[in-house]
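First comes the structure, then the notes that go with it.
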There are 2 protein chains.
Amino acid sequence: MATGAARPRRATIHDVAAEAGLSRGTVSRVINAERYVSDEARVAVEAAIARVGYVRNTAARNLKTQQSHAIGLIVHEPHSLFLEDPVIGAILLGTNAILSEADYQLVSLVIDSDRDSDRVAEYLSGGFVDGVIIISARSGDPIAHAVVKLGIPAAFVGHPPDIEGIPFIGIDNFAGAKAITERLLATGRRRVGMIASALDRDSGQDRLAGFRAALGDAFDPNLVVDYPLYSHGTGLSGMRQLLSRAPDIDGVFAASDSIAAGALDGLREAGRRVPDDVGIVGFDDSAWALRCQPTLSTVRQPADALGRLAAERVLSQLRGEQVPKFGTLLPTSIVWRDSA
Amino acid sequence: MATGAARPRRATIHDVAAEAGLSRGTVSRVINAERYVSDEARVAVEAAIARVGYVRNTAARNLKTQQSHAIGLIVHEPHSLFLEDPVIGAILLGTNAILSEADYQLVSLVIDSDRDSDRVAEYLSGGFVDGVIIISARSGDPIAHAVVKLGIPAAFVGHPPDIEGIPFIGIDNFAGAKAITERLLATGRRRVGMIASALDRDSGQDRLAGFRAALGDAFDPNLVVDYPLYSHGTGLSGMRQLLSRAPDIDGVFAASDSIAAGALDGLREAGRRVPDDVGIVGFDDSAWALRCQPTLSTVRQPADALGRLAAERVLSQLRGEQVPKFGTLLPTSIVWRDSA
DNA sequence: TTGTAGGCGTTATCAA
DNA sequence: TTGATAACGCCTACAA
């Protein structure tokens, strides 16, 4: 046993076979729900399993089948994302739900440094996992490339910038941005601006495009500012800039909740009331949304579904099925709170 | 291999032995850093390993040694904690660091429902993990009791309310609360109150005791309010109550950052400036701390160390060493920002 | 110090 | 439909 404290020996197929008065082969067939087992035998085996308290030995099975029955979930940037973003947690939960149904173990691999990155790459090539789900891969990601090279069944959550041939699951940033902007306009706002961000990424571009589509002819490029980072600081600076350009602004779409939180502070320092003077909406429905004062109206990502679908994509590949080598975009929903 | 896409067969000890011109036994001894291996043999084996790209087959090793070389990290309440509390993430990182050094795989087991709880209990009894780290166990926790019953090497992070015989690693809530209150007093505050919480738990009691100790004779029970939950709502209500009891209050120790955030909003609605009129400090150094306006002065938990130590406790037990059956309290530190 | 060989618990192939 | 029997890759006495 694993430790000095003597735990009782676990029952094996051998014990079950003896108990049921059948062969190990038959027991194995029952356990794996194979065909060619008589009902009689099945019942006897199931009873025996219950009596001796049999639990399958994973190591032996893995050794024999040459599979690990484990799927790796690779998460980057723990400090900024894993630790704070509820979206990641929800993805993890969704993934876990699907995988455990299918009798697969989820192994979370956190990448926190270059050393981790190397170690994980080695881990993957060691056959410790049968498949991989990668969250928030970035351009030039070494792990993503290692996965492609090794040919491990994989799926991305979020659109990887420069990888081909691996399915990904993302959200419809365009539709989400368009929908919430329309909702904001429906509250009667006349001068609506946007604090855009990360225009070098799909998510940033698509959110801006959605905003523009919602405004149609009323779109005014002068009311759009953009910054590289989805951050509180971006929101603060962006709001100041917007206010100086258009003091009569009465609505703002922030490209993320963190930006919206910053914008809220910008509005506060300018003495504007939210939502009375200015309505503001965000994107992500992240931890910020509920902590802001007032709470944020925003776009919710179906994070749980993102995780579930990614897991299903990997499992499909494991079954040898064809999976779309392109992406799947999931719809978002609007959460309307107090900020607009 | 795991999938249809044919990946090359992995090299085994057999291949390495052939390549090095030695026996499998010797190769195994080199791999496991055992004694009685000549330098000559070691060098030859290491070269052969590199040449054939050998990676140890975990399943075979686990089968032979009857160990899983995996440690479970059990986290409860994902929605309220795992997903939002950076402390949990840091604990995870610390645990992972120690475990991977010792060649153990960390398996995160998230408990999200009663069904999960049963499944995890079964998982544990299945020998899938050699040891367990349990975060934030609560009174009557079924998993905690299952662990005790199974006799699996384990460690708690945080003080479990009603479990004996398992080491735990916690923080010194008393000292942390005392220190930050003293710091608050040192800024010249004269009327300092506290919004206490969770007085049915050690953490809540100890934080209140620390506050009281710091004030000494100046302690005024009238300036302490308490609520059951560590939450934003608690902070808002608590601050209102404190303001009505003592309009001249100029300092507040909130029992958690979330409470401090609520108190900040309470102060804002009353037109008090922070830190000019009232200084406020929190506890945890959680995600709230940096998102508040102004940012929070608070008590930081050594979350990383918490995780590392818990991992070490479990590894010690695995080695058959005696570990303290009682708790270890780690010191906290103060992070001074803008709210006081 | 090195080599040999048995067996860990499964699954899968082949006969029966 | 069932039973016997090889592996899977590794560790570890024990023998040399």
Side-chain angles (χ1 to χ4, degrees), chain A residues 1-2 7-46 48-49 52-70 103 105 125-128 130, chain B residues 1-2 7-46 48-49 52-70 103 105 125-128 130:
Chain A
M1 295 275 57
R7 297 215 289 282
R9 192 182 71 84
R10 280 171 56 193
T12 71
I13 277 196
H14 215 102
D15 303 323
V16 176
E19 178 76 19
L22 288 161
S23 74
R24 288 177 291 162
T26 302
V27 173
S28 176
R29 277 181 286 259
V30 171
I31 291 168
N32 294 299
E34 279 171 36
R35 278 173 310 185
Y36 304 126
V37 181
S38 64
D39 286 348
E40 197 183 356
R42 185 184 315 283
V43 171
V45 168
E46 278 164 359
I49 285 176
V52 302
Y54 169 77
V55 186
R56 176 207 265 137
N57 182 316
T58 322
R61 202 239 315 227
N62 291 351
L63 174 58
K64 182 62 193 177
T65 61
Q66 302 288 74
Q67 295 177 214
S68 66
H69 274 251
D103 192 23
Q105 172 63 46
S125 65
F128 294 88
D130 296 337
Chain B
M1 294 278 63
R7 296 214 289 284
R9 193 182 70 84
R10 280 171 56 192
T12 70
I13 277 195
H14 214 102
D15 303 322
V16 176
E19 177 76 18
L22 288 161
S23 74
R24 289 177 293 162
T26 303
V27 173
S28 176
R29 274 176 286 246
V30 171
I31 290 167
N32 295 299
E34 278 173 37
R35 280 173 310 185
Y36 305 127
V37 181
S38 64
D39 287 347
E40 196 184 356
R42 186 183 315 283
V43 170
V45 168
E46 279 163 358
I49 286 175
V52 302
Y54 169 78
V55 186
R56 178 207 264 134
N57 182 316
T58 323
R61 201 240 315 230
N62 291 352
L63 175 59
K64 180 64 194 181
T65 61
Q66 301 290 75
Q67 295 177 213
S68 66
H69 275 251
D103 193 23
Q105 172 61 47
S125 65
F128 294 88
D130 296 337

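Side chains are part of it too, since the values below use all heavy atoms of this structure and drop only hydrogens, waters and symmetry mates. Predicted model, so just to flag it, every value in this text is computed and none were measured. Proteins come first, then strands; the chains are lettered A, B, ... in the order of their sequence lines, and each starts at number 1.
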Handout entry: Nearest-nucleotide pick for B:S28, side chain only, options being C:dT10, C:dT2, D:dC11
Key = D:dC11

Handout entry: Sub-4.5 Å side-chain heavy-atom contact between A:Y54 and A:V27
Key = no

Exercise for the section: Check the distance between D:dT12's P and B:N32's CG and give it to me in whole angstrom. Expected result: 7 Å

Practice task
May I ask you to evaluate whether B:T65 reaches the phosphate of D:dC11, defined as a side-chain N or O under 4.0 Å from OP1 or OP2?
Solution key: no

Practice task
Mind calculating the distance between CG (B:L63) and C1' (D:dT12) to the nearest angstrom?
Solution key: 14 Å

Practice task
Determine: side-chain N/O of A:N62 to OP1/OP2 of C:dT10, distance under 4.0 Å, yes or no.
Solution key: no

Exercise for the section: Quickly work out the A:E34 CD to C:dT11 C1' distance and round it to whole Å. Expected result: 8 Å

Practice task
Spell out yes or no: do the side chain of A:K64 and the base of C:dA12 have one donor N/O and one acceptor N/O closer than 3.5 Å?
Solution key: no

Exercise for the section: Grab the CG-P distance between B:D39 and C:dT1 for me, whole Å please. Expected result: 9 Å

Practice task
If a pair satisfies side chain to side chain donor-acceptor pair (under 3.5 Å) and one of its residues is in residues 11-23 of chain A, list it, with sequence neighbours excluded.
Solution key: A:R9-A:D15, A:E19-A:R51, A:S23-A:T26

Problem - Gap between atoms CZ and P, on A:R35 and D:dT2 respectively (whole Å) - result: 14 Å

Exercise for the section: Can you tell me which residue pairs pass the salt bridge (charged side-chain N to carboxylate O under 4.0 Å, His left out) test with a partner in residues 55-64 of chain A, sequence neighbours excluded? Expected result: A:R56-A:D103, A:R61-A:D103

Practice task
Please work out which residues in residues 14-24 of chain A have a non-hydrogen atom less than 4.0 Å from an atom of DNA chain D and list them by number.
Solution key: A:L22, A:S23, A:R24

Exercise for the section: Answer yes or no: does a side-chain N or O of B:Q66 lie under 4.0 Å from OP1 or OP2 of D:dC11? Expected result: no

Output side-chain donor-acceptor pairs under 3.5 Å for residues 35-45 of chain A, partner residues at least two apart or in another chain, one line each.
unit_1 : atom_1 : unit_2 : atom_2 : d
A:S38  : OG     : A:A41  : N      : 3.0

Handout entry: Contact residues, residues 52-60 of chain B to DNA chain C [heavy atom, < 4.0 Å]
Key = none

Practice task
Could you state the atom-to-atom distance from CD of B:Q67 to C1' of D:dT12 in whole Å?
Solution key: 14 Å

Problem - Polar side chain donor-acceptor pair, A:S68 to A:N62, under 3.5 angstrom - result: no

Exercise for the section: Verify the contact: side-chain N or O of A:S38 to OP1 or OP2 of D:dT2, cut-off strictly under 4.0 Å; return yes or no. Expected result: yes

Fill in the blank from the handout: Axis-to-axis angle for the helix from C:dT1-D:dA16 to C:dA16-D:dT1, ends of five pairs each, to 10°, equals 40°

Practice task
Please test A:I31 against A:I13 for side-chain contact (heavy atoms from CB on, under 4.5 Å), starting from the C-alpha separation and ending with a verdict.
Solution key: CA-CA 9 Å; A:I31 291 168; A:I13 277 196; 3.9 Å; yes

Fill in the blank from the handout: On a heavy-atom basis, the closest approach of A:A48 and A:A20 is CB-CB, 3.7 Å

Exercise for the section: Nearest whole angstrom, please: distance from the P of D:dC11 to the CG of B:D103. Expected result: 11 Å

Problem - Sequence-distant partners of B:T58, side chain to side chain donor-acceptor pair (under 3.5 Å), two or more places apart - result: none

Exercise for the section: Could you tell me the separation between the NE2 atom of A:H69 and the C1' atom of C:dT10, rounded to a whole number of Å? Expected result: 11 Å

Practice task
Check salt bridge (Lys or Arg N to Asp or Glu O under 4.0 Å) between B:R24 and all other residues, then give those that pass, not counting sequence neighbours.
Solution key: none

Handout entry: Results of ring pair (Phe, Tyr, Trp, His ring centres under 6.0 Å) for A:F128 - residues two or more places apart only
Key = A:Y123

Completion exercise
CG of B:N32 to OG1 of B:T65, rounded to nearest 0.5 Å, is 9.5 Å

Check nucleotides 13-16 of chain C against the protein and report each pair of N or O atoms closer than 3.5 Å, with its distance, or say if there are none.
none

Exercise for the section: Tell me which nucleotide among D:dC10, D:dT2, C:dT10 gets nearest to the side chain of B:R61. Expected result: D:dC10

Fill in the blank from the handout: Sequence neighbours excluded, the answer for salt bridge (Lys or Arg N to Asp or Glu O under 4.0 Å) partners of A:R29 is none

